[in-house]
Amino acid sequence: MTIEELNVLFYLRAELEWLNTVKAQLMDAATSTTAKLTGMPHGSGVTDKVGGLAAEIADLDSQIEQITAKSDAEEAQLADWIAGIRDRTRLVFRLRFFRALSWKEIAKITHTTTDTVKAIVYRYLREETRSTHGAKEGA
């Protein structure tokens, strides 16, 4: 397993979080529309602000659905691999790649530093690569 393969899930989860935030903002904008009574005449252009927002929300829902399916497929592939990792290292991998937490957030949860949690991941991947290459050479 490489960091690039692991990051696919991380970035999918981060994108889902961002899309859900955007969707919530659009939902707020769509539900909090009120007519502005200024006493001034309105222009001739008629727009449907709520309709436009509803279309954007529907597009976001479609994107969220597609990315969720990709994310679930990636997680299914990685779940067995991560399950075979030692306890603390497994926790760091799960927090980073399944929950898409930042290194800083993981360090806070595990009561370590950001450098320590990064080192845990990269050291494990280096050891995994060595043991995989060693097994192939011995065969």
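The figures that follow rest on heavy atoms only: side chains count, while hydrogens, waters and symmetry mates do not. The chain is numbered in sequence order, starting from 1.
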Q. Which heavy atom of I85 sits nearest a heavy atom of T89, and at what distance?
A. CG2-CG2, 3.4 Å
Q: Indicate the atoms forming the closest heavy-atom contact of L101 with I109, along with that distance.
A: CD1-CD1, 3.6 Å
Q.
Quick test of your reading: applying salt bridge (Lys or Arg N to Asp or Glu O under 4.0 Å), list the pairs with at least one residue in residues 66-80, sequence neighbours left out, ordered by first then second residue.
A. R13-E75
Q: Sort out for me which residue in L91, L95, T112 forms a side-chain contact (heavy atoms from CB on, under 4.5 Å) with I106.
A: L95
Q) What pairs with F93 under ring-ring contact (aromatic ring centres under 6.0 Å, His included), at least two apart in sequence or on another chain? A) W81, F97, Y124
**Q.** Pair listing, salt bridge (Lys or Arg N to Asp or Glu O under 4.0 Å) test, anchored in residues 88-112, at least two apart
**A.** D87-R90
Q: Mind jotting down which residue pairs meet the ring pair (Phe, Tyr, Trp, His ring centres under 6.0 Å) criterion with at least one end in residues 9-30? Sequence neighbours excluded, please.
A: none
Q.
Testing the basics here: between T114 and A107, what is the closest heavy-atom pair and its distance to 0.1 Å?
A. N-CB, 3.6 Å
(Q) A side-chain contact here means heavy atoms from C-beta on lying under 4.5 Å apart; do W103 and D115 qualify? (A) no
Q: Enter the distance from R126:CZ to I3:CD1 here, rounded to the nearest 0.5 Å.
A: 11.5 Å
Q) With D61, which residues qualify under side chain to side chain donor-acceptor pair (under 3.5 Å), at least two apart? A) K23
Q) Would one find more than 12 heavy atoms of other residues, nucleotides or ligands at under 6.0 Å from atom CD of E5? A) yes
Q: Apply side chain to side chain contact (heavy atoms under 4.5 Å, CB included) to L125 and T2, showing your working.
A: CA-CA 7 Å; L125 291 173; T2 66; over 6 Å; no
Q: With rounding to the nearest 0.5 Å, note down the distance linking OG in S71 to CG in L16.
A: 5.5 Å
Q) Going through the distances and angles, do L78 and F98 end up as a side chain to side chain contact (heavy atoms under 4.5 Å, CB included)? A) CA-CA 9 Å; L78 295 177; F98 283 6; 4.0 Å; yes
Q: Identify the two heavy atoms, one from A100 and one from A14, that lie closest to each other, and give their separation to 0.1 Å.
A: CB-N, 4.0 Å
Q. By side chain to side chain donor-acceptor pair (under 3.5 Å), which residues pair with T68, not counting sequence neighbours?
A. none
Q: Answer with yes or no whether the hydrophobic clustering places I82 together with L12; edges join I, L, V, M, F, W, Y residues whose side-chain heavy atoms lie under 4.5 Å apart.
A: no
Q.
Rounded at 0.5 Å granularity, tell me how far CG in L19 sits from OG in S62.
A. 10.5 Å
